[in-house]
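One structure below.
Below, chain A is the first sequence line, B the second, and so on; all start at residue 1.
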Protein chains: 2
Amino acid sequence: MTLKKKRVKLEDIARKLNISIATVSRALDENPRVKLSTREKVFKTAKMMGYMPNQIAKSLSSGKTNLIGVIIPRYDESFFIEVCRGIDRYVRKHNYKILISSSRNSFEFERENLISFERGLVDGIILSPTHETETFVHIKSIINKGIPVVLFDNIREEVSGADHVLIEDDKASFSAVEFLIKKGRKRIAFIGGIKEKKVFQDRYDGYKKAMTKHNIPIYEELILHCESLDRENEDTEIQDFFNNISAIPDAVFTCTDNYGLLTMKTLLKMGYKIPEQISVIGFGDLGLGEIFVPSMTCIAQPSFEMGEKAAELLINQFNEPNDVNHRKKVLKLKTELILRDST
Amino acid sequence: MTLKKKRVKLEDIARKLNISIATVSRALDENPRVKLSTREKVFKTAKMMGYMPNQIAKSLSSGKTNLIGVIIPRYDESFFIEVCRGIDRYVRKHNYKILISSSRNSFEFERENLISFERGLVDGIILSPTHETETFVHIKSIINKGIPVVLFDNIREEVSGADHVLIEDDKASFSAVEFLIKKGRKRIAFIGGIKEKKVFQDRYDGYKKAMTKHNIPIYEELILHCESLDRENEDTEIQDFFNNISAIPDAVFTCTDNYGLLTMKTLLKMGYKIPEQISVIGFGDLGLGEIFVPSMTCIAQPSFEMGEKAAELLINQFNEPNDVNHRKKVLKLKTELILRDST
DNA sequence: CTGTTAGCGCCTTCAT
DNA sequence: ATGAAGGCGCTAACAG
């Protein structure tokens, strides 16, 4: 009963039916060149015997695995999960599955993951570079092997040699900060992430441009570049920041939803009123901002769509005859300022 | 330059070195039966030629893919992502990767995913059944094919035929509700999820037991079983619930962090003070509860650990000589009530 | 319409 | 210490 049954294969069906393996294979493929009656017999027998095709054998033979590798900096950031959902949704329609790996914000791990995908397990790769990633050679090496690659988010110049999809971080933050200014705020703080990360640099640039355009001085004291790579330390960093500030700002522009929420929490605990005394804006709009009281004004980033688009670019590469004529494609997605109670 | 180079394989190395494929294979395996000098030559040449082993060929030949399939009801629930992180962390040490699929809360999709894993792509499967899953046959069928399976969370009797890991939902909620009672609360509301889901049934049982034990009447009006399977509708359902209640409760026990947060948001907006007038408890403790103001008291569920343990059970099955002697193993993990400002 | 044959790239006896 | 050969399960080109 609990006998370890051997998997049934094409050969077994062929033998039972006294026909060749090739015919069985073709029949199961619904190849019209096989007589209908034979096809039916084969289907029936296959079902009866509990036949399941061997994906690995198929892949080896066909040269396709129908797997797509996805490398993200971390699992525990809703943004990346949303992107993965988008990718998954899109590629599933084309009969692909995704294999997700985390680079844990480390360039070394990113390289390792890439290499492990180089072993023929995946037909293509979608990657979001870490803040440490300053070179394109590891990616280029993959592309040279004929494996399609698409990048998303956090693409710095040096890494921009492949198809990629992103948002215009500088413009998004510019308009958010300008919105604060037009609301009459002047002492606007900026909270970003690690300086090395391109998206944070761009968001900082947008902040500076908006301030400069409106002739508002930028005070070092009001700038925080969080260095933490995990939740708990972010919290501490932000609390310390506000505790050490000489005069509280009248608005805070933050570069992630989490920074925004932690900022609101800290300020509320310090006794300030939001938005009466201080406005706060987050970045991402991944659900939490809406629940918080007061709900948080956010720059909404189309994460799910970013995944879908990245997947689309990849699938398109699959269908291109050869890479020689491949022109790099860059997709810039729209962001939107969602107004809520925190401003 | 952008020539589509063919992948280099063992044969290429063998030819270049004028030795056999077998020797190359063994050399790269660091097989001591190969002369050291040969081994070195092979390594050098392999590196020089940019050799990368073909994972698929390896898998076909060895019968192992080193892939583990994971099926979760949804991607956008931190709990499942945390479990996946735990699984990933554990299996990575044993040189496995995970392939995550979502059943989107549908039994049909769960079955489909299972079947697609049955095609030899994965060496084992970790699955969290949907609320719709009332049968074990689809899982049993996988097990019968010799593919190890481990389940986690939401295991009802009918589905409990495989190794699994869970928490004692009833006890956890019992103690949380009893805690509220001991704090002097009497009019305690319950907010759970779809009735069909075992974990919610158990959490409801715990609530009822605690109330009964302390002779507190249970009012239907104070009970809500949310039916929504996505965020937005949950919000509406909970708002409606409180808007239609005749007399507001003095405490609310909720079955997920999200329900808890939405409850707090709704109550705060209605003008109630938390915890002065109403206490709120969440379930999960996945980070948001700590940020909210007031911070939320939660039952902490060891999600990450649940993943690690599930992975461990699976890897152990790999190492067992045969399944005939396999005794089903059940792991019950500890929960903890984390006290914060909402109670 | 069906069968034969030759791979896909690697591993693994069995020889030598 | 190395080579030759068969096999993993399936696909596809070529015959008939």
Side-chain angles (χ1 to χ4, degrees), chain A residues 5-43 45-46 49-67 95 118-123 145-147, chain B residues 5-43 45-46 49-67 116 118-123 145-147:
Chain A
K5 300 167 193 157
K6 271 234 208 63
R7 288 179 72 95
V8 6
K9 46 190 179 181
L10 292 184
E11 191 190 342
D12 301 321
I13 302 177
R15 195 155 358 96
K16 167 156 274 172
L17 255 37
N18 253 319
I19 56 181
S20 76
I21 297 180
T23 302
V24 178
S25 172
R26 281 191 285 252
L28 291 175
D29 247 27
E30 315 220 37
N31 187 325
R33 280 174 33 193
V34 176
K35 197 177 17 173
L36 192 62
S37 65
T38 315
R39 258 191 280 169
E40 282 169 348
K41 253 194 311 188
V42 170
F43 267 104
T45 314
M49 299 178 72
Y51 172 74
M52 273 289 162
N54 180 324
Q55 188 61 47
I56 300 296
K58 243 178 165 147
S59 295
L60 181 61
S61 172
S62 69
K64 286 195 42 164
T65 63
N66 281 68
L67 245 35
N95 195 28
E118 211 176 331
R119 293 158 133 71
L121 224 197
V122 300
D123 292 340
K145 299 224 171 186
I147 304 175
Chain B
K5 299 168 194 159
K6 271 235 209 60
R7 287 179 71 97
V8 6
K9 45 190 178 181
L10 292 185
E11 191 189 342
D12 302 321
I13 302 177
R15 195 154 359 93
K16 167 155 274 175
L17 255 36
N18 253 320
I19 55 180
S20 76
I21 297 181
T23 302
V24 178
S25 171
R26 280 192 283 251
L28 291 174
D29 248 25
E30 315 220 36
N31 187 326
R33 278 175 34 191
V34 176
K35 199 179 10 177
L36 192 62
S37 64
T38 316
R39 257 191 281 169
E40 283 169 348
K41 254 194 312 189
V42 171
F43 267 105
T45 314
M49 299 177 72
Y51 171 74
M52 272 290 163
N54 180 323
Q55 188 61 47
I56 299 297
K58 244 177 164 147
S59 295
L60 181 60
S61 171
S62 69
K64 285 196 42 162
T65 63
N66 280 68
L67 247 35
S116 95
E118 211 176 331
R119 292 158 134 66
L121 225 197
V122 300
D123 293 339
K145 299 223 173 187
I147 303 175

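Within 4.0 Å of B:Ile21, counting heavy atoms only, lies no atom of the nucleic acid at all. B:Leu60 comes within contact range of at least one nucleobase, with a heavy-atom separation under 4.0 Å. Using a 4.0 Å heavy-atom distance criterion, A:Asp12 is classed as making no nucleic acid contact.
For B:Lys35, taking side-chain heavy atoms from C-beta onward, the closest of the listed nucleotides C:dG3, D:dA1, D:dC8 is D:dA1. Between D:dT2, C:dG3, C:dC10, one nucleotide has an atom nearer to the side chain of B:Val34 than all others, and that is D:dT2. Listed nucleotides: C:dT4, D:dT2, D:dC10. Nearest to the side chain of B:Ser20: D:dT2. Taking the side chain of B:Ala22 as heavy atoms from C-beta on, and the options D:dG9, D:dA4, C:dG9, the nearest nucleotide is D:dA4. With C:dT4, D:dT11, C:dG9 as the candidates, the nucleotide lying closest to the side chain of B:Asn54 is C:dG9. You'll find that the side chain of B:Thr23 is closest to D:dT2, out of C:dG9, D:dT2, C:dG3.
Nearest heavy-atom pair, A:Gly50 versus A:Val8, reported as atom, atom and distance to 0.1 Å: O-CG1, 3.9 Å. Between B:Leu28 and B:Ala46, the closest heavy-atom pair is CD2-CB, 4.1 Å. Closest approach of A:Gln55 to A:Thr65, counting heavy atoms only: NE2-O, 4.2 Å.
Ion pairing between B:Arg15 and B:Asp12 holds under the 4.0 Å rule for side-chain N and carboxylate O.
Contact check for B:Tyr51 versus B:Thr45: no side-chain heavy atoms found under the 4.5 Å cut-off.
Nucleotides of DNA chain D nearest to B:Ser61 and B:Ile19 differ in position, and the one nearer the 5' end is that of B:Ile19. Two residues, B:Arg26 and B:Ala57, neighbour DNA chain D, and the one matched to the more 5' nucleotide by heavy-atom proximity is B:Arg26. Along DNA chain C, the nucleotide closest to B:Arg33 and the one closest to B:Lys58 are compared, and the more 5′ of them pairs with B:Lys58.
Distance, A:Arg119 CZ to C:dC10 P: 11 Å, rounded to whole Å. Look at CD1 on A:Ile13: it is 17 Å from C1' on C:dG3, rounded to the nearest Å. One atom, CG of B:Leu28, and another, P of C:dT12, lie 13 Å apart when rounded to the nearest Å. Remark: P of D:dC10 and NZ of A:Lys64 are 18 Å apart, rounded to the nearest angstrom. The nearest whole Å value for the distance from the CG atom in B:Leu36 to the P atom in D:dT2 is 10 Å. With rounding to whole Å, B:Glu11 atom CD is found 14 Å from C:dA6 atom C1'. Whole-Å rounding puts the B:Asn31 CG to D:dG3 P distance at 14 Å. Per the geometry, CG belonging to A:Asn66 stands 12 Å off P belonging to D:dT11, to the nearest Å.
At D:dA1, none of the side-chain N or O atoms of B:Thr38 fall inside 4.0 Å of OP1 or OP2 (strictly under the cut-off). Between A:Ser25 and D:dT11 there is a side-chain polar atom (N or O) within less than 4.0 angstrom of OP1 or OP2.
Distance alone, capped at 3.5 Å, places no donor-acceptor pair between the A:Ser61 side chain and the A:Ala57 backbone.
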